[in-house]
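What you are looking at is a predicted structure, and each value in this text was computed from that prediction instead of being measured.
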Amino acid sequence: MRRQHHWEKVYRTSDETQVSWYQADPEISLRLVEAACSDREARILDAGGGTSRLVDRLLERGYRHVGVLDVSGAAIEIAQKRLGERAIEVEWFVSDVIGFHTLHPWDVWHDRAVFHFLDSESDRLDYRASISSALAAGGQLVIGTFGPEGPERCSGLDVTRYSADRLADELGDEFELLHEELVDHSTPGGAIQQFLFCRFLRK
């Protein structure tokens with residue numbers, strides 16, 4: 001409830017193109033999702049997708065089974081309005097990632113917005129449980145977090161910064177690291193934030 005209240009307030013009071021995490025073109029996420037699974041019939045879930053343009057780009061690339069999960073109903077409404085008639089092609093979930101239940105497995109789980117905000121071990125364990133129940137065996141996890149030199153706070157909240165090794169340790173032996181890269185994200189305000197992007201195989 002605390003997370004939901006925070007993010008509802010953010011999306012109902014902020015211009016979504018001016019928040020620090022805004023990307024007009026989520027090029028890195030798209031590239032890594034395509035590397036994880038090129039099959040356009042695959043099921044791709046953007047966890048913590050909010051108002052991200054990743055769903056737009058996946059539909060444009062021909063992916064037919066895309067889902068967006070976010071704790072904020074306001075964020076989902078903004079994304080649906082932006083997509084217009086194409087919104088019916090997407091599965092939408094207003095839910096906390098922790099405790100998320102799905103009726104079918106997903107081939108790719110993408111997260112650029114959630115994991116680095118989980119500041120307790122219990123939340124991180126619950127997040128792993130959500131992935132384990134939702135991601136198909138042999139599926140892939142594409143995850144972006146703040147890197148070792150990234151900010152210590154975002155949207156008024158403390159965050160955790162990760163190296164690839166630390167992230168792999170958090171996810172455990174169930175996941176095999178396939179790819180890692182550090183990138184600089186330029187915020188709408190002109191600040192530079194270091195992100196770590198990794199791609200993992202669920203064994």
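A 4.5 Å side-chain heavy-atom check between Q18 and S20 finds every atom pair outside the cut-off. Counting only heavy atoms from C-beta outward, the side chains of L83 and D56 approach each other to under 4.5 Å. Side-chain atoms of H185 and F146, non-hydrogen and from C-beta on, never get closer than 4.5 Å to each other.
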#### Entry: Step-by-step side chain to side chain contact (heavy atoms under 4.5 Å, CB included) determination, V68 to I76
CA-CA 8 Å; V68 177; I76 294 292; 3.9 Å; yes
### Query
Does the pair S72 and V10 meet the rule for a side chain to side chain contact (heavy atoms under 4.5 Å, CB included), with working shown?
CA-CA 9 Å; S72 169; V10 167; over 6 Å; no
### Task
Evaluate side chain to side chain contact (heavy atoms under 4.5 Å, CB included) for V71 paired with V97, printing each intermediate quantity in order.
CA-CA 7 Å; V71 72; V97 169; over 6 Å; no
### Task
Take R82 and V55, measure what side chain to side chain contact (heavy atoms under 4.5 Å, CB included) needs, and give me the verdict at the end.
CA-CA 11 Å; R82 185 184 69 241; V55 60; 3.9 Å; yes
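By the 4.0 Å N-to-carboxylate-O rule, R57 lies close enough to E60 to be salt-bridged with it. Looking at D25 and R53, no side-chain N of the basic residue comes within less than 4.0 Å of a carboxylate O on the acidic one, giving no salt bridge.
A donor and an acceptor atom, one from each side chain of S95 and H101, are nowhere located under 3.5 Å apart. In this model, a donor atom of one side chain and an acceptor atom of the other lie less than 3.5 Å apart for Y127 and D111.
Nearest heavy-atom pair across C37 and A42 is SG-CB, 3.3 Å. In terms of heavy-atom proximity, R161 sits nearest to G147 at CB-O, 3.1 Å. The minimum heavy-atom distance linking S133 with F100 is given by the pair OG-O, 4.1 Å.
D107 pairs by the side-chain hydrogen bond (donor to acceptor under 3.5 Å, both in side chains) definition with nothing, not counting sequence neighbours. Applying the side chain to side chain contact (heavy atoms under 4.5 Å, CB included) criterion to H65, with sequence neighbours excluded, gives E41, R43.
We find the CG-CG distance between L167 and L177 to be 8.0 Å, quoted to the nearest 0.5 Å. A distance of 6.0 Å separates OG1 in T51 from CD1 in I78, rounded to the nearest 0.5 Å. Taking CG from D158 and CD from E152, the interatomic distance works out to 8.5 Å, rounded to the nearest 0.5 Å. Residue R61 holds its CZ atom at 4.5 Å from CG of L30, rounded to the nearest 0.5 Å. We find the OG1-CG distance between T102 and L69 to be 9.5 Å, quoted to the nearest 0.5 Å. Here the OG atom belonging to S163 is positioned 9.0 Å from the CG atom belonging to L182, to the nearest 0.5 angstrom.
Sparse packing is recorded around CZ of R64, with 12 or fewer heavy atoms of other residues, nucleotides or ligands lying under 6.0 Å away.
Each of H110, Q23, E34, R112 was scored for a side-chain hydrogen bond (donor to acceptor under 3.5 Å, both in side chains) with S29, with one residue passing: H110.
Under the 4.5 Å side-chain heavy-atom criterion for Ile, Leu, Val, Met, Phe, Trp and Tyr, V114 and I131 are members of the same hydrophobic cluster. Hydrophobic clustering (side-chain heavy atoms under 4.5 Å, transitive across Ile, Leu, Val, Met, Phe, Trp, Tyr) groups F115 together with W109.
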All N/O donor-acceptor pairs, side-chain side in residues 191-203, below 3.5 Å, sequence neighbours left out:
{"unit_1": "Q194", "atom_1": "OE1", "unit_2": "E149", "atom_2": "N", "d": "2.7"}
{"unit_1": "R199", "atom_1": "NH1", "unit_2": "Q140", "atom_2": "OE1", "d": "2.8"}
{"unit_1": "R202", "atom_1": "NE", "unit_2": "E174", "atom_2": "OE2", "d": "2.6"}
{"unit_1": "R202", "atom_1": "NH1", "unit_2": "S132", "atom_2": "O", "d": "2.9"}
{"unit_1": "R202", "atom_1": "NH1", "unit_2": "L135", "atom_2": "O", "d": "2.4"}
{"unit_1": "R202", "atom_1": "NH2", "unit_2": "S132", "atom_2": "O", "d": "3.2"}
{"unit_1": "R202", "atom_1": "NH2", "unit_2": "E174", "atom_2": "OE2", "d": "2.8"}
{"unit_1": "K203", "atom_1": "NZ", "unit_2": "D173", "atom_2": "O", "d": "3.1"}

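R166 forms a cation-pi arrangement with Y162, by the criterion of a distance under 6.0 Å to the ring centre and an angle within 45° of the ring axis.
Checked against a 6.0 Å centroid threshold, the rings of H5 and W7 do not count as neighbours.
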